[in-house]
Amino acid sequence: MSQYIPKTIEEPLVESWEKESSYKAKDSSSSKKLYVLPMFPYPSGAGLHVGHVRNYTGTDVLARFFRMNGYNVLHPIGWDAFGLPAENAAVKAKKNPMDMVPDNIKTFQRQMKRLGFSYDWSREFSTSDPEYYKWTQWLFIQFFKLGMLYKKEMPVYYCEFCKTGLAEEEVLPNGTHERCGKPIVRKTLPQWVFNITAYADRLLDDLEGLDWPHGILEMQKNWIGKSEGAEVRFKLVSGPASEQPQHKNSPCRATCQQHEIKVFTTRPDTLFGVTAVVLAPEHELVKKILKNHIKISINYYKDIQKYVEQAGKKLDLQRTDLNKEKTGVPTGLFAVNPVNGEKVPVWVADYVLGYYGYGAVMLVPAHDDRDFAFAKKYGLKIKYVISKNTTLLRPAERDYGGQVEQSKNGSKPYTGYGYMIPLKEVETFFEDSRFFKNPVSSQDFHAMVVKKLEGLHIGKRQAQYKLRDWIFSRQRYWGEPIPMVHCEKCGWSSIPEDQLPLELPYIKSYEPPKTGESPLSQVKSFVKTTCPNCGGEARRETDTMPNWAGSCWYFLAFSFWDKEKANSKSQIPRFAKATPGEPSPKKIPNPNNQNSNLFGIWNLEFGASIKKWLPVDWYVGGAEHAVLHLLYSRFWVKMLYDLKLVSFKEPFLRLRNQGMVLGPDHQKMSKSLGNVINPDDVVNEFGADTIRIYEMFMAPYNQEIAWSTHALQGGYRFLKRVWNLYEKGIENSDLRIKNPETKELNLKLNKTIKKVTKDIEELKFNTAIAAMMEFINEWEKQIQNSKFKIQNYNSKGKTKKPDNNGTIQQLNNSFSTYHAKRFLQILAPFAPFITEEIWKNTFKEKASIHLSRWPQVEEHALMDPEVVIPIQVNGKVRTVVKIKHADMTKESVLEAALKDEKIQKYVKGKSCKIHFVPGRIMNLIVT
RNA sequence: GGGCAAGUGCUGGAAUGGCAUACAGGCAAGUCUCAAAAACUUGUGGCAGUCACCUGCCGUGAGGGUUCGACUCCCUCCUUGCCCACCA
């Protein structure tokens with residue numbers, strides 16, 4: 001008998017599987033395709049994390065399972081290599097990321113192979129391969145031509161000490177730079193921006209029908225953040241004569257009249273409660289005031305100037321700090337509430353966000369918490385127009401509305417819906433003196449107001465989104481160069497396709513220069529170029545793309561990628577020279593335009609593969625990508641759909657998340673906490689099968705788990721027991737397994753096959769493994785029982801002692817090698833090494849177990865001869881009876897139940913109602 | 001403040017209307033051993049009853065409801081975790 005030593009059996013198998021390329025997806029196969037995709041990793045220097053192992057074991061189980069079920073499975077892997085983390089790590093190590101990343105990738109490859117992940121390695125690529133990012137750049141150009149990319153001054157985080165722009169994740173919550181600890185400011189730089197907001201409605205609507213976790217769908221909806229309401233226009237005027245006598249003939253009279261302020265509100269029903277209009281510091285009108293296009297009193301002007309300047313310096317983080325007291329300054333201007341003609345003051349305050357809605361709000365202190373706080377602080381009027389219930393709406397209060405409410409409830413705003421307080425001005429607005437004959441609910445009023453506003457052309461129904469346009473440039477080195485050229489005469493043009501890929505130059509110093517520009521701006525040979533349009537001198541864009549770019553379409557690339565082909569440039573089709581005169585921007589290209597060569601390659605060479613494999617059937621990864629990566633990818637696919645480069649609208653039909661793996665101390669693993677588990681160590685000590693079984697077993701797949709070295713042992717013990725059962729059985733070099741004579745075990749086996757099959761499809765890996773453990777327990781128990789029987793038999797000394805072989809044969813009548821193999825097959829996706837080893841060595845199978853057919857359930861074996869029926873009295877289980885399927889009638893179960901003394905005790909001499917569910921339960925209700 | 005997920009033994013968890021605690025870990029006792037480890041066997045929700053055998057009651061965050069029957073469905077609340085957040 002040999003011992004189970006994972007290392008010695010696993011390592012040779014890694015090699016043999018690779019040699020046989022067992023897991024290549026077949027482009028030509030006619031069997032049903034299945035695309036199983038784990039989110040590809042960023043190859044960090046730290047190597048594979050146990051969290052990766054959980055993610056990738058999950059998809060590996062799926063891939064192996066579906067392969068055994070006859071599917072043509074695509075299960076690829078690649079590397080998300082561009083981006084800030086890699087660049088920062090390289091800076092730290094004083095290396096070029098271009099040198100470092102390949103080393104990291106090698107580590108990942110080694111670890112993944114050792115863990116037995118069944119990838120199709122022939123489709124592997126890194127987003128930083130020029131052959132790959134050639135297409136990323138080409139797609140950028142297509143999106144530019146589609147009119148979805150524009151260049152605009154946008155605020156970025158900027159560290160004045162390091163003189164560099166920063167990504168949001170480099171800004172600490174206290175507003176300082178994580179590297180130098182100095183405060184960070186906002187700076188506006190010209191940026192490439194994706195007009196993703198144009199797709200907001202489609203991104204929202206198409207979520208319908210996706211098989212994604214409910215929570216993730218909600219997060220996406222929240223992120224897009226559609227709110228429906230109304231836009232209302234307020235005209236700007238000079239103030240009431242009483243307040244501003246000196247302005248009677250002021251310049252404002254002339255200039256103000258031409259301006260109006262658009263506000264967005266989700267509560268048009270509160271329009272009569274407006275007591276001010278508040279502008280964001282970034283609002284156009286504020287800019288006009290500061291440029292003196294709108295003249296206001298000099299005192300106001302100075303305050304506004306100061307206030308706006310300060311607000312500009314603040315970070316979003318500081319501005320949006322909820323605990324912060326609200327601040328603002330008056331403008332001295334007034335706006336007319338279009339529903340009642342009231343003149344309300346115009347303020348500037350930074351709690352109003354420049355980027356949401358119209359950057360202006362109507363202030364309704366009585367019915368909004370923030371407005372209330374602001375009004376209280378600056379002594380603005382608070383006017384109640386909605387009451388929580390109808391009891392307050394007595395006729396005597398009709399014309400007092402606001403004041404009555406205010407005195408009773410003036411200490412806080414009422415933000416819910418309710419009933420409109422009867423006001424004369426409302427009756428006037430609706431030209432109906434009997435408007436409040438019956439109480440008017442504010443929801444109804446909402447609709448009425450919007451309709452009226454539309455009729456009078458002073459407002460309309462409107463939806464707003466939280467989603468903001470997507471800043472797509474980074475002033476960094478380690479990313480795809482943006483394939484754009486700027487010419488003084490012609491503006492921005494994309495570079496000709498025959499110049500793709502626009503390669504990232506290998507440079508020694510790539511740390512951000514002190515100018516706030518990209519490191520590439522320092523590379524003269526890169527910057528200097530000619531204009532593709534006029535041939536004159538021009539400058540290349542020196543910003544690079546963010547790390548999202550490569551991951552926005554990698555799932556498409558796997559369908560057609562050929563690593564070998566990509567590696568040998570000679571085989572790559574060369575591109576024809578650029579046709580003179582690129583199509584001008586903002587013009588949708590004709591998909592049939594054969595002038596564009598890459599269009600041709602995409603459609604002719606890639607098109608069929610994309611069509612064959614996409615969309616992704618199973619997409620599995622961490623929930624931390626709930627919004628950004630998944631939203632961006634969906635967005636790209638929608639643009640590609642519009643460009644007729646793909647024929648589907650959603651990339652990922654089914655999404656699942658694996659839970660995070662925490663340290664043994666229940667905290668996120670981190671070097672500083674010293675709680676990091678290195679999968680290499682675990683694999684070396686216990687084997688790949690053990691870590692796979694453990695990570696699949698310990699909790700539901702989508703749930704967070706804390707690492708437990710103890711529990712890991714459980715998985716190891718299980719595998720050892722499996723090994724011993726199969727190995728011990730062939731002690732005498734006989735292929736028969738030591739088996740008990742049992743139908744019961746075969747019944748259990750079939751039940752187990754059924755459960756494991758169902759559980760894998762539902763990603764309930766933990767219960768699948770539990771079921772297999774139960775089966776092994778049962779098997780061992782049966783062996784114990786049969787040994788016991790044999791001993792008894794022998795001790796009676798009736799016959800001569802049967803030899804070992806004889807014993808096995810005698811017991812082997814119903815559970816045999818055939819059944820033993822069936823169990824091994826259902827274990828195979830979880831523990832690919834041990835099962836393959838036994839399959840080939842013990843059972844002398846030539847072909848891999850992983851390419852064998854998944855065992856089918858033998859329905860006839862599943863027929864339980866007897867069923868256990870619990871008997872309840874008044875809902876409490878008092879006993880159980882065993883009953884044959886054939887006898888499953890109310891009468892026979894009752895008869896059996898009444899034989900039990902306990903039941904008699906409860907039932908005796910009492911009237912009794914019987915509730916019986918055949919095959920499940922009987923409940924006796926005694927009264 | 002908003003959204004989502006979750007709350008079951010000492011621990012991870014199982015059971016999605018029908019025997020609560022499967023499976024695993026831990027712990028305890030035992031077998032083997034000079035000893036230890038490994039392995040194996042047995043036990044392991046709480047309380048009570050002359051607690052070894054047996055018996056009863058209680059028990060899935062709290063409280064209500066629906067039902068013959070609720071961890072499971074409904075309502076109210078509490079707690080924890082995650083995501084978003086001055087979004088008008």
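Remember, it's a predicted structure, so these values are computed and weren't measured experimentally. For the numbers below, each heavy atom of this structure counts, side chains included, while hydrogens, waters and symmetry mates do not.
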Assess whether atom [atom1] of [X] is packed by more than 12 heavy atoms of other residues, nucleotides or ligands within 6.0 Å.
{"X": "A/Lys377", "atom1": "NZ", "value": "yes"}
{"X": "A/Lys226", "atom1": "NZ", "value": "yes"}
{"X": "A/Glu685", "atom1": "CD", "value": "no"}

* Asked: Looking at A/Trp707, A/Phe765, A/Tyr716, which one forms a ring pair (Phe, Tyr, Trp, His ring centres under 6.0 Å) with A/Tyr694?
  -> A/Trp707
* To do: Report the residue from A/Trp723, A/Phe686, A/Phe718 that forms a ring pair (Phe, Tyr, Trp, His ring centres under 6.0 Å) with A/Tyr4.
  =>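 Option passing the ring pair (Phe, Tyr, Trp, His ring centres under 6.0 Å) with A/Tyr4: A/Trp723.
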* **First encountered from the 5' end of RNA chain B, between A/Val868 and A/Tyr358** => A/Val868
* Structure fact -> By nearest-nucleotide position on RNA chain B, the 5'-leaning member of A/Glu704 and A/Leu467 is A/Glu704
* Taking the side chain as every heavy atom from C-beta outward, state whether A/Ile760 and A/Val61 have any pair of such atoms under 4.5 Å apart. =>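 Yes; the side chains approach each other to less than 4.5 Å.
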What is the separation between atom [atom1] on [X] and atom [atom2] on [N], rounded to the nearest whole Å?
{"X": "A/Asn222", "N": "B/G2", "atom1": "CG", "atom2": "P", "answer": "13 Å"}
{"X": "A/Glu695", "N": "B/C23", "atom1": "CD", "atom2": "P", "answer": "23 Å"}
{"X": "A/Leu725", "N": "B/C40", "atom1": "CG", "atom2": "C1'", "answer": "13 Å"}
{"X": "A/Leu271", "N": "B/A88", "atom1": "CG", "atom2": "P", "answer": "16 Å"}
{"X": "A/Asn657", "N": "B/C83", "atom1": "CG", "atom2": "P", "answer": "13 Å"}
{"X": "A/Gln703", "N": "B/A14", "atom1": "CD", "atom2": "P", "answer": "7 Å"}
{"X": "A/Met696", "N": "B/C23", "atom1": "CE", "atom2": "C1'", "answer": "16 Å"}
{"X": "A/Gln667", "N": "B/U80", "atom1": "CD", "atom2": "P", "answer": "17 Å"}

* Distance-only donor-acceptor test (3.5 Å): side chain A/Gln872, base B/G18 -> yes
* Determine whether any donor atom in the side chain of A/Lys466 lies under 3.5 Å from an acceptor atom in the base of B/C84, or the reverse, and answer yes or no. => no
Would you say [X] reaches [N]'s phosphate, i.e. side-chain N/O to OP1/OP2 under 4.0 Å?
{"X": "A/Asn777", "N": "B/A24", "answer": "yes"}
{"X": "A/Ser708", "N": "B/U11", "answer": "no"}
{"X": "A/Lys720", "N": "B/A39", "answer": "yes"}
{"X": "A/Lys876", "N": "B/C58", "answer": "yes"}
{"X": "A/Arg920", "N": "B/G17", "answer": "no"}
{"X": "A/Arg468", "N": "B/C84", "answer": "no"}
{"X": "A/Asn766", "N": "B/A24", "answer": "no"}
{"X": "A/Arg717", "N": "B/G26", "answer": "yes"}

Between [options], which nucleotide gets closest to the side-chain atoms of [X]?
{"X": "A/Lys326", "options": "B/A88, B/C86, B/C84", "result": "B/C86"}
{"X": "A/His915", "options": "B/G18, B/G26, B/A88", "result": "B/G18"}
{"X": "A/His710", "options": "B/G12, B/A20, B/G25", "result": "B/G25"}
{"X": "A/Pro700", "options": "B/C23, B/G18, B/G13", "result": "B/G13"}
{"X": "A/Asn923", "options": "B/C68, B/C19, B/C84", "result": "B/C68"}
{"X": "A/Arg721", "options": "B/C68, B/C23, B/C40", "result": "B/C40"}
{"X": "A/Phe697", "options": "B/A88, B/A24, B/C4", "result": "B/A24"}
{"X": "A/Met773", "options": "B/C84, B/G18, B/A24", "result": "B/A24"}
{"X": "A/Tyr355", "options": "B/G18, B/A24, B/C86", "result": "B/C86"}
{"X": "A/Thr767", "options": "B/C23, B/A14, B/A24", "result": "B/A14"}

* Determine, using ring centers only, whether A/Trp779 and A/Tyr726 are less than 6.0 Å apart. => yes
Distance check, [atom1] atoms only: [N] and [M], in whole angstrom units.
{"N": "B/G12", "M": "B/A22", "atom1": "C1'", "answer": "13 Å"}
{"N": "B/G45", "M": "B/C23", "atom1": "P", "answer": "13 Å"}
{"N": "B/U67", "M": "B/C75", "atom1": "C1'", "answer": "16 Å"}
{"N": "B/A70", "M": "B/C53", "atom1": "P", "answer": "30 Å"}
{"N": "B/G81", "M": "B/G18", "atom1": "P", "answer": "32 Å"}
{"N": "B/C34", "M": "B/G26", "atom1": "C1'", "answer": "29 Å"}
{"N": "B/A62", "M": "B/G49", "atom1": "P", "answer": "26 Å"}
{"N": "B/G63", "M": "B/G13", "atom1": "C1'", "answer": "27 Å"}

* To do: Select base, sugar-phosphate, or nothing to describe what A/Val917 touches, counting heavy atoms under 4.0 Å on all strands.
  => base
* To do: Could you tell me whether A/Val627 contacts a base, only the sugar-phosphate backbone, or nothing, with contacts defined as non-hydrogen atoms closer than 4.0 Å?
  => nothing
Write down the partner of [N] under the Watson-Crick or G-U wobble criteria, each distance required to be under 3.5 Å.
{"N": "B/A62", "result": "B/U76"}
{"N": "B/C54", "result": "B/G49"}
{"N": "B/C4", "result": "B/G81"}
{"N": "B/U31", "result": "B/A39"}
{"N": "B/G18", "result": "B/C68"}

* Which glycosidic conformation, syn or anti, is assigned to B/G61 if syn requires a torsion within 90° of zero? ->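 Chi for B/G61 falls in the anti range.
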* Any sub-3.5 Å donor-acceptor pair from A/Thr331's side-chain atoms to A/Val346's backbone N or O? ->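 Checked: pair present.
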* cation_pi(A/Lys890, A/Phe916) dist<6.0 Å, angle<=45 -> no
